[in-house]
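Chain letters run A, B, ... following the sequence lines, proteins first and then strands; every chain starts at 1.
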Amino acid sequence: EAQVTQNPRYLITVTGKKLTVTCSQNMNHEYMSWYRQDPGLGLRQIYYSMNVEVTDKGDVPEGYKVSRKEKRNFPLILESPSPNQTSLYFCASMGQGSYEQYFGPGTRLTVT
Amino acid sequence: RKEVEQDPGPFNVPEGATVAFNCTYSNSASQSFFWYRQDCRKEPKLLMSVYSSGNEDGRFTAQLNRASQYISLLIRDSKLSDSATYLCVEMDSNYQLIWGAGTKLIIKP
């Protein structure tokens, strides 16, 4: 089954404790992206990657890091999480020549 | 940053009714637009693309009005299962997606 997976789905952590949210897709898509979704706001892009070893900042990259060492994986790293990073995070992927993004199920992160 | 604006709703509509909502965009150079559907606490999924000539898929019709810079989504014969949040998306000239905050639709029996 073609899908985007994210782990963990739910995470409660404390300020300053480094965490990683994994994202993996099995569709051989070149493009991958991370978004955060907050009440009353549209999806805001954090980082995106056009292909392996190519990453770019989105609209709200501060406090986040990503890497793209393999085509299928695009982890999101929070080196020192803060309460304002409490949000619902989505990973998405898209194939070359397509405009349809496929989303993972989301990761609900709470930073206390 | 250019914005995409939507009425957040919620729109409470009786089953079987026709409902329409709009989304305005500010970047006149944008060429591609989409409607995504998001169920509560779940991931967005592409509903339909919006072409200059309009696009119809079953009970759903999407239209683009370039002069007034808005896109619309019309749902005919609404079903209970149409209850969701509908996200309007603009693709800018750099192929980046700009997302609206969504319009919440509730279909009542």
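- At a 4.5 Å heavy-atom cutoff, the contact between B:P44 and chain A is made by backbone and side-chain atoms alike.
- In this structure, B:W35 is not a member of the same hydrophobic cluster as A:M94, with clusters built from ILVMFWY side-chain heavy atoms closer than 4.5 Å.
- Neither the backbone nor the side chain of B:S49 comes within less than 4.5 Å of any heavy atom in chain A.
- Interface remark: A:L43 contributes backbone and side-chain atoms alike to the contact with chain B (heavy atom separation under 4.5 Å).
- We find the CD1-CD distance between B:I98 and A:Q45 to be 10.5 Å, quoted to the nearest 0.5 Å.
- Rounding to the nearest 0.5 Å gives a distance of 10.0 Å between CD of B:E43 and CG of A:L88.
- Residue B:V89 is not grouped with residue A:Y48 when hydrophobic side chains (ILVMFWY) are merged at heavy-atom distances under 4.5 angstrom, including chains of intermediate members.
- Contacts of A:Y31 with chain B are made by side-chain atoms alone, with heavy-atom separations under 4.5 Å and no backbone atom involved.
- Residue pairs meeting the disulfide bond (SG atoms under 2.5 Å apart) criterion with at least one partner in residues 19-96 of chain A, sequence neighbours excluded, are A:C23-A:C91.
- Between B:W99 and A:F103, the gap from one ring centroid to the other is short of 6.0 Å.
- Per-residue counts of heavy-atom pairs under 4.5 Å with chain B were compared for A:G106, A:G40, A:P39, A:G104; the largest is that of A:G104.
- With a 6.0 Å radius and a threshold of 12 heavy atoms from other residues, nucleotides or ligands, A:I12 has its CD1 atom at or below the threshold.
- Heavy atoms of B:Q38 lying under 4.5 Å from chain A belong exclusively to its side chain.
- The hydrophobic clustering, which links ILVMFWY residues whose side-chain heavy atoms are closer than 4.5 Å, places A:W34 and A:L78 together.
- Considering CE of B:M48 and CD of A:E100, their distance stands at 12.5 Å, rounded to 0.5 Å.
- Both B:L105 and B:V50 are members of a single hydrophobic cluster when ILVMFWY side chains are connected at heavy-atom separations under 4.5 Å.
- Applying the side-chain hydrogen bond (donor to acceptor under 3.5 Å, both in side chains) criterion to A:E79, with sequence neighbours excluded, gives A:K65.
- Residues of residues 68-83 of chain B never come closer than 4.5 Å to chain A when only heavy atoms are counted.
- Counting heavy atoms from C-beta on, the side chains of B:M91 and A:Y99 come closer than 4.5 Å.
- Neither the backbone nor the side chain of A:R44 comes within less than 4.5 Å of any heavy atom of chain B.
- Although no hydrogens or angles enter the test, the distance criterion places a donor-acceptor pair under 3.5 Å between the side chain of B:Y36 and the main chain of A:Q101.
- A:Y35 touches chain B through its side chain: at least one heavy atom from C-beta onward sits under 4.5 Å away, while N, CA, C and O do not.
- The CG atom of B:L87 lies 6.5 Å from the CD atom of A:Q37; values are rounded to the nearest 0.5 Å.
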Could you walk me through whether A:Y102 and B:K45 pass the side-chain contact (heavy atoms from CB on, under 4.5 Å) check? CA-CA 7 Å; A:Y102 293 84; B:K45 293 183 180 178; over 6 Å; no

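- With sequence neighbours left out, A:S80 forms a side chain to side chain contact (heavy atoms under 4.5 Å, CB included) with no residue at all.
- Residues B:Y25 and B:Y86 fall within the same hydrophobic cluster, defined by Ile, Leu, Val, Met, Phe, Trp and Tyr side chains chained together at heavy-atom separations under 4.5 Å.
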